[in-house]
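Have a look at the structure below, then the notes.
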Amino acid sequence: MGLFDIFKKKSDEETSDQAVQQEDQPAQADKSVENAAAQQAATDNASAAGTKDKANQSEAASETADNQAIYDQGLSQSRQGFADRFNKFLSNFRSVDEDFFEQLEDTLIGADLGFELAIQISNQVREAVKVKNIKDKDQIRDLIIEQMVSQYDQQGQGEDQSMHFAPAGQPTVVLFVGVNGVGKTTTVGKLASSYKKEGKKVLLAAADTFRAGAVKQLQEWGDRADVPVVAGPEKADPASVVYTAVAKAKDENFDVLFVDTAGRLQNNVNLMQELSKINRVVQKVLPDAPQEVLLVLDATTGQNALQQAKLFQQSSEVTGIVLTKMDGTAKGGIVFAIRDSLHLPVKWIGFGEKATDLRPFSAEDFVYGMFKDLVVNK
Ligand SMILES: Nc1nc2c(ncn2[C@@H]2O[C@H](COP(=O)(O)OP(=O)(O)OP(=O)(O)O)[C@@H](O)[C@H]2O)c(=O)[nH]1
Ligand SMILES: [Mg+2]
């Protein structure tokens with residue numbers, strides 16, 4: 001089943017769910033409320049059975065929270081922003097003429113899909129309108145969403161969203177790279193916490209020795225997650241910190257080593273050279289590592305994030321993207337642009353500052369969280 005069919009199915013299910021709920025309890029039609037309550041009840045049961053203590057309760061509830069509810073919440077600004085733009089565009093609709101396609105392109109560019117993708121989708125809509133002889137506003141709305149989702153689906157064929165691990169018994173090394181302020185350290189901290197909870201033996205390396213305070217920030221995350229952090233003296237050579245950390249991970253049988261790197265050096269050339277050096281040092285100790293080089297991008301920086309990605313792709317073997325601060329943008333189109341122009345899988349998506357706000361990326365949950373308001377109850 002294609003992504004658009006899955007989206008339609010989910011929308012239909014939600015519509016009928018809401019109809020039932022409105023009959024039963026008119027004041028409580030919100031699905032996220034229902035989910036949170038159901039999860040709280042489940043945790044309560046576990047607690048009553050003596051399997052969880054009270055302190056863990058709310059954490060466990062948010063941890064097991066249905067992915068879709070978290071996506072819905074985290075994408076609320078983007079969903080609203082897209083719906084506003086789109087509805088405004090449709091309210092101007094008179095006929096399918098050149099003006100219509102121009103406005104469609106502007107709407108898609110405004111939502112952060114990028115120029116090339118906007119033109120491509122507009123051309124596909126142009127073809128489909130002709131073939132299907134579509135004139136009616138509702139049909140046009142559905143057709144545009146369908147084209148966006150199908151294009152996204154097709155472009156993602158062969159993309160591997162899963163995290164890659166070393167064979168059992170060897171440490172997995174993951175490097176986190178990206179410009180300053182995008183959320184690298186926070187992401188390392190969040191993942192340290194979730195892998196530790198899964199029972200993995202996690203080690204962190206503070207290879208951002210350039211920015212004052214960076215090491216301390218990682219150590220705080222390490223303390224919170226209860227995992228050790230390898231750090232050098234102030235202004236230490238990052239590669240030497242990484243060497244120590246990789247050797248420790250190997251000697252002491254750690255499952256995963258997350259390396260936090262600097263986002264800013266004197267200039268970008270230095271930054272890229274530093275990353276290559278770190279990579280070489282890792283491979284000296286573990287020739288098959290790093291298993292992942294994750295590029296962290298800030299969703300609120302829009303098309304700028306794509307430029308950054310191209311820079312990093314030239315000098316390191318980026319294996320995937322962590323897209324942070326999705327909760328802070330009203331333009332979710334960046335996810336479409338990343339797939340279309342970079343062909344790198346988004347592996348994680350960040351919806352906030354808490355450890356549990358970082359979720360494995362799900363295209364289904366994303367597409368639904370983005371567009372559901374535009375089709376539900378129609
Ligand atoms: N709202 C929101 N804030 C986030 C998210 N991820 C990170 N942040 C915030 O973004 C800010 C920067 O995060 P850092 O992790 O320090 O970024 P960094 O890439 O390590 O920055 P440098 O070390 O300066 O290169 C912090 O205030 C984080 O709390 C997210 O998904 N949502
Ligand atoms: Mg940092």
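When a ligand or atom number is given, it counts from 1 through the structure's own listing order.
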Could you work out the complete set of other residues in the hydrophobic cluster of I6, with links drawn between I, L, V, M, F, W and Y side chains under 4.5 Å apart?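 Traced through the cluster, I6 reaches M1.
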What part of Q217, side chain, backbone, both or neither, has a heavy atom within less than 4.0 angstrom of ligand 1? side chain
Which atoms of ligand 1 sit under 4.0 Å from any heavy atom of F351? 31 (O)
How would you list all residue pairs meeting side-chain hydrogen bond (donor to acceptor under 3.5 Å, both in side chains) that involve residues 207-217, not counting sequence neighbours? R211-Q217, K216-E220
Using distance alone, determine whether D260 and ligand 1 share an N or O pair under 3.5 Å. no
Look only at interatomic distance and state if G352 has a nitrogen or oxygen under 3.5 Å from any nitrogen or oxygen of ligand 1. yes
Can the ring centres of F93 and F100 be said to be less than 6.0 Å apart? yes
For the ring pair Y368 and Y71, is the centre-to-centre distance below 6.0 Å?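 Not under 6.0 Å, so no.
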Judged by modelled atom types alone, do Q68 and K10 share a side-chain donor-acceptor pair under 3.5 Å? yes
Check: residues 181-189 side-chain donor-acceptor pairs under 3.5 Å, at least two apart:
from : atom 1 : to   : atom 2 : distance (Å)
K184 : NZ     : G178 : O      : 3.1
K184 : NZ     : V179 : O      : 2.9
T185 : OG1    : D260 : OD1    : 3.4
T185 : OG1    : D260 : OD2    : 2.8
T187 : OG1    : G183 : O      : 2.7

Can you count the protein N, O or S atoms that lie less than 2.8 Å from the Mg ion (ligand 2)? 1
Taking the cut-offs as 6.0 angstrom to the six-membered ring centre and 45 degrees off its axis, would you call K235 and F210 a cation-pi pair? yes
Hey, could you give me the CD/CG distance between Q303 and L113, rounded to the nearest 0.5 Å? 8.0 Å
